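Presented below is the structure to which this report refers.
Computed from a prediction, not measured in an experiment: that's the story for all the values here. So you know, we letter chains A, B, ... as the sequences are listed, proteins then strands, and number each from 1.
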Amino acid sequence: MPIKKNNPLPDTTASGSYDFFRDVYDVVRLIPKGRVTSYGAIAAYLGTKGSARMVGWALNHCHNMQPEVPAQRVVNRMGMLSGKAHFETPTQMQELLEQEGLTIKNDCIVDFQKHFWDPSQEL
DNA sequence: CCTGTGACTGGAT
DNA sequence: GATCCAGCCACAG
């Protein structure tokens, strides 16, 4: 179930209809430090299972978002940093994760399963 | 309105 | 196993 709480994002973006985005950002912000989740898990939690791409697409717009979204904690189901290219520098995503106590090897989170955080199970 | 494009995923090949 | 393939759906042009 979507979070649907009153979370007034600065919005702007003219187009309106930012419900999906807002929900994605809300869930991502709830990911505990040092834990990670997958696009699919978030999509499933929001009730749009199978639309993991939308989650990734939403995160692609999180750069100008306030408050900031810890997008580094969202990776694909294999635990790979598939979105690192979309950060300010290609190494920032890995560095951020390492700062949170995770180990990255070959763009892959070591013991991904161990640090996995499933919103539909934890929330 | 129609088309192309994804920070993805699960099942088929 | 590794790869391919087809859904997925919001958005920009």
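- Between A:Met54 and A:Gly40, the residue anchored nearer the 5' end of DNA chain B, judged by the nucleotide with its closest heavy atom, is A:Met54.
- Rounding to whole angstrom units, NE2 of residue A:His61 and P of C:dC9 are separated by 18 Å.
- No contact: A:Ala58 has no heavy atom under 4.0 Å from any strand.
- Contact check for A:Tyr45 versus A:Asp23: no side-chain heavy atoms found under the 4.5 Å cut-off.
- Between the C1' atom of C:dC8 and the CZ atom of A:Phe20 lies a distance of 10 Å, rounded to the nearest Å.
- A salt bridge does not link A:Arg35 with A:Glu100: none of the charged nitrogens is closer than 4.0 Å to a carboxylate oxygen.
- Listed pair A:Thr48 / C:dC8 fails the phosphate criterion, with no side-chain N or O lying under 4.0 Å from OP1 or OP2.
- Aromatic ring pairs are classed by plane angle as parallel below 30°, tilted from 30° to 60° and perpendicular above 60°; the pair A:His61 and A:Trp57 is tilted.
- If you take OH of A:Tyr45 and P of B:dT9, they are 19 Å apart, rounded to a whole angstrom.
- With contacts defined as side-chain heavy-atom distances shorter than 4.5 Å, the pair A:His115/A:Val36 qualifies.
- Residue-level contact check: A:Asn60 touches the bases, meaning some heavy atom is under 4.0 Å from a base atom.
- Atom CH2 in A:Trp57 sits about 15 Å away from atom P in C:dC9, given to the nearest Å.
- Proximity of A:Arg77 to the phosphate of B:dG10: a side-chain N or O atom is located under 4.0 Å from OP1 or OP2.
- To the nearest 0.5 Å, atoms NZ (A:Lys33) and CG (A:Leu96) are separated by 10.5 Å.
- Taking atom CG on A:Leu59 and atom C1' on C:dA10, their separation rounds to 14 Å, with Å as the unit.
- Among the nucleotides B:dT9, B:dA7, B:dG6, the one closest to any side-chain atom of A:Phe87 is B:dA7.
- In this entry the distance linking CE of A:Met78 with C1' of B:dG10 reads 12 Å, nearest Å.
- Side-chain atoms of A:Arg53 lie closest to B:dG6 of the nucleotides B:dT9, B:dA7, B:dG6.
- Among B:dA7, C:dC8, C:dA10, the nucleotide with an atom closest to any side-chain atom of A:Tyr39 is B:dA7.
- A straight line from CD1 of A:Ile42 to C1' of C:dC8 spans 16 Å, rounded to a whole angstrom.
- What separates CG of A:Asp107 from C1' of B:dA7 is a distance of 13 Å, to the nearest Å.
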